[in-house]
Amino acid sequence: MLTGERVRLRALEPDDSEAMWRWYHDPQVGRWMGGDPPISLAQNIEKGQSRPRNTFEQMALGIETLDGQKLIGYVALGETDFVHGEATLQSIAIGERDHWGGGYGRDAVRVICRYAFEEMGLHRVMLWVVADNVAAVQAYRKVGFVEEGRRREAFRTGGKRYDYLMMGLLSSELR
Ligand SMILES: CC(C)(COP(=O)(O)OP(=O)(O)OC[C@H]1O[C@@H](n2cnc3c(N)ncnc32)[C@H](O)[C@@H]1OP(=O)(O)O)[C@@H](O)C(=O)NCCC(=O)NCCS
């Protein structure tokens, strides 16, 4: 169920902490994700060991290539509201930059959204993305997300302000 054309999504393991720590400190990966202060590898390993178990309300999954079974990123879905049938795609990163532009991000978004609709019975998935994050916006559009709103100048990085787009996807729109 959590397998797509290029990636498989799986639970994160404590051994993944080192790769995730590398991605966390890569300024290009984090450029549009909000700058958190540096943390030590030991702190990240500790976090990886005490990660809460995934639930339908909140899950974080590793993104693995189908061919080489290499961990290249992660995706998180949460804030699930079963009354209204909506969840938020909170985060996605292809941390291994040599895999950017290969359709892995798009496939991971497609797989997690399909899971939200078909297994969790949801009607909508929404997300926030910085409008200038061209690769992310393009990847979301390819899966079927459409722009639903804009929070003007709500994201600041490098001394400049950028708009946030709210994007949404209905279960019938998944491509
Ligand atoms: C956003 C991200 C997950 C996308 O994953 P990816 O595997 O690189 O994306 P895909 O290959 O599936 O799709 C990217 C699309 O954007 C296009 N693209 C990439 N960079 C671009 C750029 N600078 N200008 C225009 N288009 C661009 C690609 O050509 C591709 O479009 P196509 O399918 O029409 O060719 C990945 O780039 C990433 O991890 N970025 C850093 C973290 C981040 O910003 N996450 C999103 C937070 S909301």
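Note that ligands are numbered from 1 as they come in the structure, with each ligand's atoms numbered from 1 the same way.
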Just jot down the ligand 1 atoms closer than 4.0 angstrom to any heavy atom of [X], in number order.
{"X": "V134", "value": "22 (C), 24 (N), 25 (C), 26 (N)"}
{"X": "A136", "value": "1 (C), 46 (C)"}
{"X": "G103", "value": "10 (P), 11 (O), 12 (O)"}
{"X": "Y140", "value": "46 (C), 48 (S)"}
{"X": "G102", "value": "11 (O)"}
{"X": "K142", "value": "32 (P), 33 (O), 34 (O)"}
{"X": "R106", "value": "12 (O), 33 (O)"}
{"X": "A93", "value": "39 (O)"}

Ion pair [X]/[Y], N-O distance below 4.0 Å:
{"X": "R124", "Y": "E148", "answer": "yes"}
{"X": "R161", "Y": "E153", "answer": "no"}
{"X": "R114", "Y": "E119", "answer": "no"}
{"X": "D163", "Y": "R152", "answer": "no"}

Worksheet item: Does the protein put any heavy atom within less than 4.0 Å of atom 28 (C) of ligand 1?
Response: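 Under 4.0 Å from atom 28 (C) of ligand 1, zero protein heavy atoms found.
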Worksheet item: Do protein heavy atoms approach atom 15 (C) of ligand 1 to less than 4.0 Å?
Response: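 Neighbour list for atom 15 (C) of ligand 1 includes protein heavy atoms (cut-off 4.0 Å).
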Worksheet item: Counting distance only, does the side-chain N/O of D107 pair as donor-acceptor with the main-chain N or O of R6 below 3.5 Å?
Response: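 Yes, D107 side chain to R6 backbone: donor-acceptor pair under 3.5 Å.
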Discussion item. Treating W23 as the side-chain partner and I94 as the backbone partner, does any N or O pair qualify as donor plus acceptor under 3.5 Å?
Written reply: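 Flag not set: sc W23 to bb I94 has no pair under 3.5 Å.
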[atom]: which protein heavy atom is closest, and how many Å away?
{"atom": "atom 8 (O) of ligand 1", "result": "G101 N, 2.9 Å"}
{"atom": "atom 42 (C) of ligand 1", "result": "V29 O, 3.3 Å"}
{"atom": "atom 20 (N) of ligand 1", "result": "A135 CB, 3.5 Å"}
{"atom": "atom 39 (O) of ligand 1", "result": "I94 N, 2.6 Å"}
{"atom": "atom 7 (O) of ligand 1", "result": "G105 N, 2.7 Å"}
{"atom": "atom 36 (C) of ligand 1", "result": "W100 NE1, 3.8 Å"}
{"atom": "atom 45 (N) of ligand 1", "result": "I92 O, 2.7 Å"}
{"atom": "atom 31 (O) of ligand 1", "result": "Q138 CG, 3.3 Å"}

Fill in: Centroid-centroid distance, W128 to F155, less than 6.0 Å
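For W128 and F155, the ring centres are not under 6.0 Å apart.
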Practice prompt. Indicate if V111 and L170 have the same hydrophobic cluster label, given that clusters are the connected sets of ILVMFWY residues with side-chain heavy-atom separations under 4.5 angstrom.
Written response: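 Different clusters.
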Any chance you could measure [X], atom [atom1], to [Y], atom [atom2], to the nearest 0.5 Å?
{"X": "F117", "Y": "L174", "atom1": "CZ", "atom2": "CG", "result": "6.0 Å"}
{"X": "M166", "Y": "T88", "atom1": "CE", "atom2": "OG1", "result": "9.5 Å"}
{"X": "L122", "Y": "H84", "atom1": "CG", "atom2": "NE2", "result": "12.5 Å"}

Fill in: Location of contacts on N133 toward ligand 1, heavy atoms closer than 4.0 Å
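The answer is the side chain.
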Discussion item. Please classify the Y164 to ligand 1 contact at 4.0 Å (heavy-atom distances, strictly less than): side chain, backbone, both or neither.
Written reply: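 Neither part.
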Discussion item. Does the residue W23 have a heavy-atom contact with ligand 1, meaning some pair of atoms that are separated by less than 4.0 Å?
Written reply: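 The answer is no: ligand 1 sits nowhere under 4.0 Å from a heavy atom of W23.
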Worksheet item: Just checking, any donor-acceptor pair under 3.5 angstrom between side chains of Q58 and Q90?
Response: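 On atom types as modelled, these side chains qualify, holding a pair under 3.5 Å.
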Worksheet item: Angle class for the Y115/F56 ring planes (parallel below 30°, perpendicular above 60°, tilted otherwise)?
Response: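 Because their plane-to-plane angle lies in the 30° to 60° range, the rings of Y115 and F56 count as tilted.
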